[in-house]
Amino acid sequence: MANDASAVFDTLSPAVSKGSLADPFTPPADSSLWRKNFLLGAATASYQIEGAVNEDGRLPSIWDTFSAIPGKVLAGDTGAVACDHYHRWEADVEMLASLGLEGYRLSIAWPRVMDAAGAPNRKGIDFYKRLLNRLKEKGITTFVTLYHWDLPQHLEDRGGWLNRDTAYRFADYADLMSCELAGTVDAWTTLNEPWCSAYLGYGNGHHAPGLANDRFATQAMHHLLLAHGLAVPVLRANDPASQKGIVANIGRGTANSDSAADQRAAHLFEVQHNAWILDPLLKGSYPQDLFELWPGTEPLVLDGDMETISAPLDFLGINYYFRTNVASDGAHGFRDVPLEGVERTQMGWEVYPDGLRDLLIGFKETYHNLPPIYITENGMASDDEVTDGRVEDTQRISFLKRHLAAVDQAIKAGVDIRGYFLWSLMDNFEWAFGYERRFGVVHVDYSTQKRTIKRSAELVEKFLQERKAKA
Ligand code: FCB
C-alpha cells in the first residue's frame, strides 16, 4: 500500500502551528466521519485516572505493588492520586458532555468491586453505578472494559495470569459486573490489550507484575484469552442488549530492506504483535510462526479452550499508536532499526497513520469473520503546557486529523469501522512513564487537579457541533 495518508492531509503546516488556521481539524466533505452514526468519543482507564487506592474497601492491585518498587516507574510516580477522578467524577462527566463527545470508554477496577473471597464490595460497585447512570442521563454511549491491567494483588499472589484459575475468577467478576450494571453499558470489552498484559507483564517485565520469561508470556496470554472466552457467554446471558468484544493493540512492522531476511523479520514482528492475539480469537489457533520466534514456548492448552476463545464477537476494539522498522537479528527474530528524520511524539513513537489503514485492510483480507471494528484508542503524548489559560497542542491536532483520514481510507476500502475513541480524555498516569507523558485532550495540573481544555478538544467539539447541525 502506498504511504499516502500523510500526503492527503497537511502535516504540521506553519499555519497550524501558529494557530492561525480557523479550523485545521475538520475532515473533508467526503469523509466517512461526517456520518452521524460514526461514534466519536474518548477513553480512560481506572488505574490511570481514579486515585483513591485505599478508599471504600478497594484492595491493592498489581500496579500499586509494581509502582512502589523503586526504578519501575519514571520519577517514582504511582496511581495513588492520579487525576483524583474517584472524587471528581461528576465534574469530569460534565466536561466530557460539554465537549460534545458521544462515547466514553472507561474501565472498572476489579480490586474495587470484589473482595478477596469474591464477594461484592457494595461501595465500589455503587461508584460505577453512579458514574454509568450519569453518563446515560447525558446520552453518552458507554464502552466498559473489565480488565485494563489492574489485577487484584491477591490473585497475583496465587500466580496471576500464569494460574489458569485466574481465568475462572475473571468470569466470576464478569458475572457480578454484568448483573449489577446491565442496562447502563452499551458495549462490554473483556480485556484491554492482552499483548501488554502478557508480554510487558510476564515476558519482558516492563509492566506489572514485572516478570520476564517468554514461556510465561505465552502461558499468560493463553489464560488471558481463556478469561475473555469464558466471560463472553456470561456477559451475553446477563446483559443481552449490549455488545461484547475485546480490545487488541496492533503494531505495524516494516522491513528495513527488501532482503528476504528483513521481510521475514517484519512478518515475525506482526505475528508477535498482532496474530498472536487475533489468530486465536478469529481462527481458533495460535500462529505457528510465533514458536519459531520463541522456540519451546507453546502454552498448555486444554481440550475445548480454543473453541471457548474463538466464540463470535460483536465487535473488535483496535488500539493503534505507531510503527516499528525492523531488520533480521541474524537468528530467529527481529531487531528494531529506528528510522532517522521521521516525525515522532513525546514517547519517541513514530507518527505513521498509514500503518493503521494498512493493518485494518490487511485484517479484512486475513480474517474472513472480522467483526465490526471500533478504534478504541489512538492519540499521542506531547509536552503540553498551559500558557495564558490555553494549551496549543498543534502536533496532536495534526496527528488526530491524519489518523482519522487513515480510518476513513480503510472504511472506503471496505473495512466496517463504527467509531473512534481518542486516547485520552485527560492527561493521566502513563504506566511506566508516570505523569511526564501527556496523552490527554484535556490538560491536568497535578498539583491543583485543574483541568484545562486543550485546543485539540475544542476543535473536535467544533466538528461534532457542525456534524450535528447538518444532521
Ligand atoms: C495503551 C494503553 C493505554 C495508554 C496508551 C498510551 O497501550 O491501553 O492505557 O497507556 O497505551
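All values derive from a computational prediction rather than experimental measurement. For ligands, and for the atoms within them, numbers begin at 1 and follow the listed sequence.
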Q.
Under 6.0 Å between ring centres: does that hold for Trp149 and Phe66?
A. no
Q: Check whether the ring centres of His223 and Phe170 lie less than 6.0 Å apart, and answer yes or no.
A: no
Q: Report yes if the distance between the aromatic ring centroids of Phe143 and Phe315 is under 6.0 Å, otherwise no.
A: yes
Q.
Tell me if the aromatic rings of Trp349 and Phe399 count as close, with their centers under 6.0 Å from one another.
A. no
Q) Contact residues of ligand 1 with a heavy-atom cut-off of under 4.0 Å? A) Gln48, His148, Trp149, Asn192, Glu193, Tyr321, Glu377, Trp423, Glu430, Trp431, Phe439
Q.
Applying salt bridge (Lys or Arg N to Asp or Glu O under 4.0 Å) to Asp126 and Lys123, what does each step give before you reach the verdict?
A. CA-CA 5 Å; Asp126 285 348; Lys123 285 183 174 168; over 6 Å; no
Q. Angle class for the Trp431/His148 ring planes (parallel below 30°, perpendicular above 60°, tilted otherwise)?
A. parallel
